[in-house]
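In what follows, a single structure is set out as structure tokens and then discussed.
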Protein chains: 2
Amino acid sequence: MEIKKDNTEEKIIDAATDVFVQKGMDGARMQEIADLAGINKALLHYYFRSKEKLFDAIFSKLVGIAFPRIGQILQSDLPILEKVETVIDTYIDLLLKYPFLPAFIIKEMNRNATPFFSFIEKKEFSIQPILKILQEAMDQDLIRKMRPEHLVVNVIGLCVFPFAARPMISHVAFPGDDKALSQFLAERKQEVKSFVLKGIQPE
Amino acid sequence: MEIKKDNTEEKIIDAATDVFVQKGMDGARMQEIADLAGINKALLHYYFRSKEKLFDAIFSKLVGIAFPRIGQILQSDLPILEKVETVIDTYIDLLLKYPFLPAFIIKEMNRNATPFFSFIEKKEFSIQPILKILQEAMDQDLIRKMRPEHLVVNVIGLCVFPFAARPMISHVAFPGDDKALSQFLAERKQEVKSFVLKGIQPE
DNA sequence: GTCTATATTAGGATAGAC
DNA sequence: GTCTATCCTAATATAGAC
């Protein structure tokens, strides 16, 4: 029974999160994490036996953030169009808070998909209920008939892509103007909602 | 004046492309590239002085593929909606041919944006003509009025995202069924066109 | 729990023979 | 141009004192 929560572990986790998110598993250095945490390498290995174990801890934490329980919004009793809008608002708010998450997740899932999959399985994350809700809305002609998987991919892609490709967008469209870029990303909430609502309007 | 084109360099480039695309700069190993090319490490350094120089060669080649001269399509005399459709068809065809390109480009531009930027500048790639054409179509009420940057991001995101997030889509929606996944990605051409055309329909 | 010092291996790069 | 052998540094990991 511990009264005083040791916070060295927290410092490590914070530092490791920063470094892994920015550099990825392959590019990250234990030395850099130790420096950022204000400790030395040996202590890192005392808390987490290896770089891989440390990475796994950070990774599963971040996947947990990146895949929130969207199902809860979808299972509310809002009309379908409002559900869609709420999902977009909620998810882009999340991305504005963690703008580096998309590039990190894309990088790591393409490097080594196994831990990613095992996490998804552990969380019992399933796309079936989402597809079912969309299909029902299509059957009732509330939204345009299409393969529901495409709609899911469209919505996530519209939300996520600008964050993943942020350096390119920054350089091509807003060179040297960080404020304009932030503004643009914030506008995505409204923009994606309009675009999707038009895109799913029944014929 | 060389009559017989030496093909060791080609073998190196092919091998390096494979390895870099799959593992990224940080994860790639010179040994693995040498093995795949059927030579040894020393010869790699004979042709390209360093890993970084080899990577730069591969990277700029791949960026060249990933950013084709879309401007030519946009400057044709097709009606605007057909231009948009042609861009989507052309780009998704490209992605079907190089499905690993999106994850690679996203990874590397988030790791070290400098070479990416310098390439873009060298190619005099500019988004301005694209924005102008879209803006004119909006002024003429041929497409819905919106910030043209958002439209560009929407279209690219809809095309690119499913390829970048391919491992996730594969696992969540088509586990163990590579054929269904390929089919799904091929369907994107039609799907993105329908979705975008609806999304840009004037009010 | 935290440190210094060190072991160990991996990986990029070079020397030099052929 | 291509190889074998080797160098050298960087990076993960451990030993052991405090």
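The basis for the numbers below is simple: all heavy atoms, side chains too, and nothing from hydrogens, waters or symmetry mates. Every chain is numbered from 1, with letters handed out A, B, ... down the list of sequences.
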Q.
I'd like to know if the side chain of A:Asp35 pairs up with that of A:Gln31 as donor and acceptor (distance under 3.5 Å, no hydrogens or angles considered).
A. yes

Q. Are the charged groups of B:Lys193 and B:Asp89 less than 4.0 angstrom apart, N to O?
A. yes

Q | Whole angstrom value for the distance that separates P of D:dC3 from CG of B:Asp35 | A | 12 Å

Q) The side chain of B:Ala42 lies closest to which of these nucleotides: C:dT14, D:dA13, C:dC3? A) C:dT14

Q: Check whether any side-chain nitrogen or oxygen of A:His45 sits under 4.0 Å from OP1 or OP2 of D:dT14, and answer yes or no.
A: no

Q. Counting side-chain heavy atoms from C-beta on, which of C:dT2, C:dA13, D:dG1 comes nearest to A:Thr8?
A. C:dT2

Q. Can you tell me how far C1' of C:dG12 sits from CD1 of B:Ile33, to the nearest Å?
A. 11 Å

Q. Between C:dG12, C:dT4, D:dT14, which one does the side chain of A:Asn40 approach most closely?
A. C:dT4

Q: Could you check whether B:Ala28 gets within reach of a base, just the sugar-phosphate, or nothing at all, counting any heavy atom under 4.0 Å?
A: sugar-phosphate

Q: Select one nucleotide: of C:dA13, D:dT14, D:dC3, the one nearest the side-chain heavy atoms of B:Met30.
A: C:dA13

Q. If you check the B:Tyr46 side chain, which of D:dA13, D:dT2, C:dT2 turns out closest?
A. D:dT2

Q.
Check B:Glu187 with A:Arg147, please: is the shortest side-chain N to carboxylate O separation under 4.0 Å?
A. yes

Q) Nearest-Å distance, NZ (B:Lys51) to C1' (D:dA10)? A) 12 Å

Q: May I have the distance from B:Asp26 (atom CG) to C:dA10 (atom C1'), rounded to whole angstrom?
A: 15 Å

**Q.** Value in whole Å for how far the P atom of C:dT4 lies from CD1 of A:Ile39
**A.** 12 Å

(Q) Tell me whether the side-chain N or O atoms of B:Lys41 pair up with the base of C:dG12 as donor and acceptor below 3.5 Å, since no angle test is needed here. (A) yes

Q | 5' priority, DNA chain D, between A:Arg29 and A:Arg49 [closest heavy atom] | A | A:Arg29

Q: Write down the distance between CG (B:Leu44) and P (C:dG12), rounded to a whole number of angstrom.
A: 10 Å

Q. The side chain of B:Ser50 lies closest to which of these nucleotides: C:dA13, C:dG1, D:dT14?
A. C:dA13

For residues 164-177 of chain B, which side-chain N or O atoms pair as donor and acceptor with protein atoms under 3.5 Å away, sequence neighbours left out?
residue, atom, partner, partner atom, Å
B:His171, NE2, A:Glu121, OE2, 2.9
B:Asp177, OD1, B:Lys179, N, 3.4
B:Asp177, OD1, B:Ala180, N, 3.1

Q: Provide, to the nearest angstrom, the distance between the CD atom belonging to A:Gln31 and the C1' atom belonging to C:dT4.
A: 13 Å

Q: Using atom CG of A:Leu43 as one end and atom C1' of D:dA13 as the other, report the distance to the nearest whole Å.
A: 14 Å

Q: State plainly whether the residues B:Glu108 and B:Arg111 are in salt-bridge range, i.e. N to O under 4.0 Å.
A: yes

